[in-house]
Amino acid sequence: MDLLRFNIWLDVAFPLIWEATAIFLAIHFALSIVTGRAKKTFIEGKWPQHDSAPPPLPKFLHAQHMFMMVILAVTGMYIRFPWFANGRPVMRGLHYFAMIVVSVTLFWRIWYAFYSKNRDWKEFRIQKKDAVTLGGVLKYYGYLSNNKPHVAKYNVAQKGSYMLFLVMMVVQMLTGFALLNQPWPVVSVSPRDVLVGWWLGGVVGSTELAGWYARTVHYILTWGFIIMVTVHVYLSATVDIPCTLDFFGLKKLPVKPHAPEPAPTPEPIGVVPASSD
């Protein structure tokens, strides 16, 4: 299958996959109603307890990132499927602007995770204690169990999806910049030449064809983000609304810190413990 036919196949397959995802989520929520889980949360207000609220900077970056991702999805789809005339220059400009903002936000968040005073990278690493709970987490979301293992701030499914999202973001950023073929001043090379032309161009036959491969990967990841964000929005709106409202600054998250374990009572000095005989 050549690259053109493959792209046509993608144009047909991904909308169907997204529609199937939406239908699956609708069925999932219907099961939430049938099993009574929706009643416990939406009516009785028994949402997950939190021992701390998200810090302000990650919340700001999250909201900004989500907003720009929506702009990228809409403008990117218009660039591929223009649904009104003469809009490509404006849409392309908005797309590039949002691309730069998202790239800066990504590096900012990585810096925060590893180098800030409140660095939180350890909250996202998957350890053995997380991995062994995967089956229990899947059973909970599949309504096979009402107990959701939670050994850390984020469960193993959340951690895995966040790590996948990070990898996809990096690849999406690189393939996005690889679509720019205008040469830079002075050096007379384009981002496409730097990112894919010198190595992939030699493999596939030309820098222009390498750009088309980068465009195809970029398009596949775009649909990957659309599907993942759809699932993320669904879970945010059904599993933990208080946390979602707090993330967007709409309502403060109620916090219930874990009570510290009582310290053992020391033995009085000079008193000999009673014999068990």
Subject >> Single-linkage hydrophobic cluster, 4.5 Å side-chain cutoff, W121 and L57 together >> reply: yes
Original post:
For the residue pair F6 and W9, does the interplanar ring angle fall in the parallel (under 30°), tilted (30 to 60°) or perpendicular (over 60°) class?
Top reply: parallel
Original post:
P183 and S188: which non-hydrogen atoms are nearest, and at how many Å?
Top reply: CB-C, 3.9 Å
Original post:
Can you find a heavy atom in the side chain of L10 that is under 4.5 Å from one in the side chain of T216?
Top reply: yes
Original post:
Taking C-beta and beyond as the side chain, do L106 and L166 meet within less than 4.5 Å on heavy atoms?
Top reply: yes
Subject >> Smallest separation among heavy atoms of S103 and M99, with atom names >> reply: OG-O, 2.8 Å
Subject >> Side chain proximity check, R88 to R92, heavy atoms < 4.5 angstrom >> reply: yes
**OP:** Give a yes or no answer on whether the side chain of T244 reaches the backbone of A237 with a donor-acceptor pair at less than 3.5 Å.
**Re:** no
Subject >> Closest contact, heavy atoms only, P149 versus G136 >> reply: CD-C, 3.6 Å
**OP:** Specify the closest pair of heavy atoms between I71 and A98, including all atoms of both residues, with the distance to one decimal.
**Re:** CG2-CB, 3.9 Å
Original post:
Taking the six-membered ring for Trp, are the ring centroids of F165 and H232 within less than 6.0 Å of each other?
Top reply: no
Subject >> Cluster check L16, W18: I/L/V/M/F/W/Y, side chain < 4.5 angstrom >> reply: no
Subject >> L253 to S52 - nearest heavy-atom pair and separation >> reply: CD2-O, 4.0 Å
**OP:** Check whether any side-chain heavy atom of M77 sits under 4.5 Å from a side-chain heavy atom of T222, and report yes or no.
**Re:** yes
Original post:
If two hydrophobic side chains count as joined below 4.5 Å and joins carry through other members, does I220 share a cluster with F81?
Top reply: yes
Subject >> Trace of the side-chain contact (heavy atoms from CB on, under 4.5 Å) decision for V102 with M173 >> reply: CA-CA 9 Å; V102 165; M173 179 183 65; over 6 Å; no
Original post:
side-chain contact (heavy atoms from CB on, under 4.5 Å) between H65 and M169: does it pass, once the steps are laid out?
Top reply: CA-CA 11 Å; H65 188 81; M169 279 297 305; 3.6 Å; yes
Original post:
Applying the 4.5 Å side-chain criterion to the ILVMFWY set and letting contacts propagate, would F107 and L195 be lumped into a single cluster?
Top reply: yes
Original post:
Hey, quick one: are L174 and I100 part of the same hydrophobic cluster, counting side-chain heavy atoms closer than 4.5 Å, chains of contacts allowed?
Top reply: no
Original post:
Looking at the rings of W47 and F42, which for Trp means the six-membered one, are their centres under 6.0 Å apart?
Top reply: yes
**OP:** Return yes if a side-chain donor-acceptor contact under 3.5 Å exists between D240 and H50, otherwise no.
**Re:** yes
Original post:
What's the spacing between L25 CG and T230 OG1 if we round to 0.5 Å?
Top reply: 7.5 Å
**OP:** Answer with yes or no whether the side chains of Y112 and W108 bring together a donor and an acceptor at under 3.5 Å.
**Re:** no
Subject >> Closest non-hydrogen atom pair between P58 and F247, with its separation >> reply: O-CE2, 4.3 Å
Original post:
What's the verdict on side-chain contact (heavy atoms from CB on, under 4.5 Å) for Y96 and L180, showing C-alpha distance, side-chain angles and the deciding distance?
Top reply: CA-CA 10 Å; Y96 291 159; L180 301 175; 3.4 Å; yes
Subject >> side-chain contact (heavy atoms from CB on, under 4.5 Å) between N7 and R80, worked out >> reply: CA-CA 11 Å; N7 273 266; R80 189 171 179 101; 2.9 Å; yes
**OP:** Report the relative orientation of the aromatic rings in Y154 and F124; use parallel for angles under 30°, tilted for 30 to 60°, perpendicular for over 60°.
**Re:** parallel
